[in-house]
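Below, each value reflects all heavy atoms present in this structure, side chains not excepted, and no hydrogens, waters or symmetry copies. Every number for a ligand or one of its atoms is a count from 1 in the order of the listing. Starting from 1, each residue takes its place in the sequence as its number.
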Amino acid sequence: MVSTEEDGSVEEKENNNKKRTKSAIAVAWLTFYNIAMTAGWLVLAMAMMRFYLQKGTHKGLYKSIARTLKFFQTIALIEVVHCAIGIVRTSVIVTGVQVCSRIFMVWFITNSIKQIQNEESVILFLFVWTFTEITRYSFYTFNLLNHLPYFIKWARYNMFIIMYPLGVAGELLTIYTALPYVRKTGMFSMRLPNKYNISFDYYYFLTIVMLSYIPLFPQLYFHMLRQRRKVLLGEIIVEKDE
Ligand SMILES: CCCCCCCCCCCCC[C@@H](O)CC(=O)SCCNC(=O)CCNC(=O)[C@H](O)C(C)(C)COP(=O)(O)OP(=O)(O)OC[C@H]1O[C@@H](n2cnc3c(N)ncnc32)[C@H](O)[C@@H]1OP(=O)(O)O
C-alpha cells in the first residue's frame, strides 16, 4: 500500500516534471521563433526602405525582396503546427486561413504573375504585412520574456483595426489586376479534352478566392476585435469551439 502510494507520487512528480520540461522547451522554441521572425520582417522593412530611398520608385521593389518575403511568409506555416500541437492558444482554423491566404498571395499570385509585381496594390499589402508582422512577433517575444512594453501591446491590438482592411484591399486589388493576365495566358488552367478528363479554370478559381474574402475576412477581423477586448479591456470572453 505504502509502496503503491509512493509509486503514485513518483509517477505524478515525473509527469509534472515532464510537463514543466515540455513547457520550458515550448517557451524556448517560441522565443527563438518569434525573435527570428521579428528579425526577418525587420530585414524586409529595411530592404524596402533602402530600395525606395536609392531608386526613388517602387518599380522593381518586389523583385528585390521576393526571396526574403517568400522565405519568411512560407515559414509561417509553422504557426499552424504550433496551434495543432497546442503550444499556443489559437485556433488552427483561424491561423490556417490567415497563413494560407498569405502564402497563396505570395506564391500563386505575385510570384507567378510578373506583370503585376510593380502594382501599387502589391506595395500596399507588403507595407501592411511588414508593419503588422514586426508588431505581432515583437509582441509575442516580449510577452514570452515577461517584459512587454505597453506601446507594443497597444499597437498589436489597435493597429489591425486600420491595417487589416488596408491589407485586404491591397490583396484584392492585386488579384483583380491579375485577372486579365490569367485569362489571356490560361495559366494554371486545364481545358478539356485532356488525358485526365479534368477541367480547371484558374480565372474562375481566383474569382471564387476573391468572393471567399466576404465570409472569411469578417471572422478574422471579429476574432481580433474579441482578442482586443480580452487583452486591452480585460473582458472575459467565452469562445465557441472554432
Ligand atoms: C488556397 C487559397 C486560400 C484563399 C483564402 C482566401 C480567404 C482569405 C480571407 C482572409 C483574408 C486575410 C487577409 C490578410 O492576409 C490581410 C492581412 O494580414 S493585413 C495585415 C493586418 N493583419 C493583422 O493584423 C493580422 C491579425 N491576425 C493575427 O494576428 C493572427 O494571424 C490571428 C491568427 C488571426 C490572430 O492571432 P491570435 O489568435 O494568435 O491572437 P493573439 O495574438 O491575441 O494570441 C492568442 C494567444 O496565442 C499566443 N500566441 C499566438 N502565437 C504565438 C507565438 N507565435 N508565440 C507565442 N505566443 C503566441 C498569444 O500570446 C496568446 O496567448 P494568451 O492568450 O495566453 O495570451
For residues [X] and [Y], determine if any side-chain heavy atom of one lies less than 4.5 Å from a side-chain heavy atom of the other.
X: S189; Y: Y203; answer: no
X: I113; Y: M187; answer: yes
X: Y62; Y: E119; answer: no
X: T31; Y: V27; answer: yes
X: F51; Y: K59; answer: no

Per-residue contact class, [X] against ligand 1 - non-hydrogen pairs under 4.0 Å:
X: N34; value: side chain
X: K230; value: side chain
X: W29; value: neither

Measure the distance from [atom] to every protein heavy atom, then report the residue, atom name and distance (to 0.1 Å) of the closest one.
atom: atom 65 (O) of ligand 1; answer: R89 NH2, 2.7 Å
atom: atom 40 (O) of ligand 1; answer: Q227 NE2, 3.3 Å
atom: atom 39 (O) of ligand 1; answer: T90 OG1, 2.8 Å
atom: atom 27 (N) of ligand 1; answer: Y164 OH, 3.4 Å
atom: atom 1 (C) of ligand 1; answer: F104 CD1, 4.2 Å
atom: atom 6 (C) of ligand 1; answer: S212 OG, 3.5 Å
atom: atom 33 (C) of ligand 1; answer: T95 OG1, 3.6 Å
atom: atom 5 (C) of ligand 1; answer: S101 CB, 4.0 Å

Of all the atoms in ligand 1, which lie at a distance below 4.0 Å from a heavy atom belonging to [X]?
X: G167; result: 19 (S)
X: Y157; result: 41 (P), 42 (O), 43 (O)
X: V128; result: 19 (S), 20 (C)
X: H223; result: 35 (C), 37 (P), 38 (O)
X: V94; result: 33 (C), 34 (C)
X: R102; result: 15 (O), 17 (C), 18 (O)
X: L220; result: 10 (C), 12 (C)
X: F160; result: 24 (O)

Best match, [options]: closest heavy atom to [atom]:
atom: atom 49 (N) of ligand 1; options: Y140, F127, F139; value: Y140
atom: atom 30 (C) of ligand 1; options: R226, R136, H82; value: R136
atom: atom 4 (C) of ligand 1; options: V231, T130, V209; value: V209
atom: atom 29 (O) of ligand 1; options: M210, R156, M159; value: R156
atom: atom 15 (O) of ligand 1; options: E171, M105, E133; value: E171
atom: atom 58 (C) of ligand 1; options: L148, V88, L216; value: V88

Ring pair (Phe, Tyr, Trp, His ring centres under 6.0 Å) with F217: which of Y164, F222, F160?
-> Y164
Would you check the N or O atoms of Q98, main chain and side chain alike, for any that come under 3.5 Å of an N or O of ligand 1?
-> yes
For [X] and [Y], I'd like to know if the aromatic rings sit close, meaning centre-to-centre distance below 6.0 Å.
X: W129; Y: F125; value: yes
X: F32; Y: W29; value: yes
X: F108; Y: Y202; value: no

How long is the gap from [atom1] on [X] to [atom2] on [Y], to the nearest 0.5 Å?
X: L69; Y: K63; atom1: CG; atom2: NZ; value: 15.5 Å
X: D201; Y: L206; atom1: CG; atom2: CG; value: 9.0 Å
X: Q117; Y: S112; atom1: CD; atom2: OG; value: 9.0 Å
X: Y33; Y: I78; atom1: OH; atom2: CD1; value: 5.5 Å
X: N111; Y: I116; atom1: CG; atom2: CD1; value: 10.0 Å
X: R102; Y: F72; atom1: CZ; atom2: CZ; value: 14.5 Å

Give a yes or no on whether L173 and L126 share a hydrophobic cluster (residues Ile, Leu, Val, Met, Phe, Trp, Tyr; joining criterion: side-chain heavy atoms under 4.5 Å apart).
-> no
Does ligand 1 have an atom that lies less than 4.0 angstrom from a heavy atom of F131?
-> no
Answer yes or no for atom 61 (C) of ligand 1: protein heavy atom present at a distance under 4.0 Å?
-> no
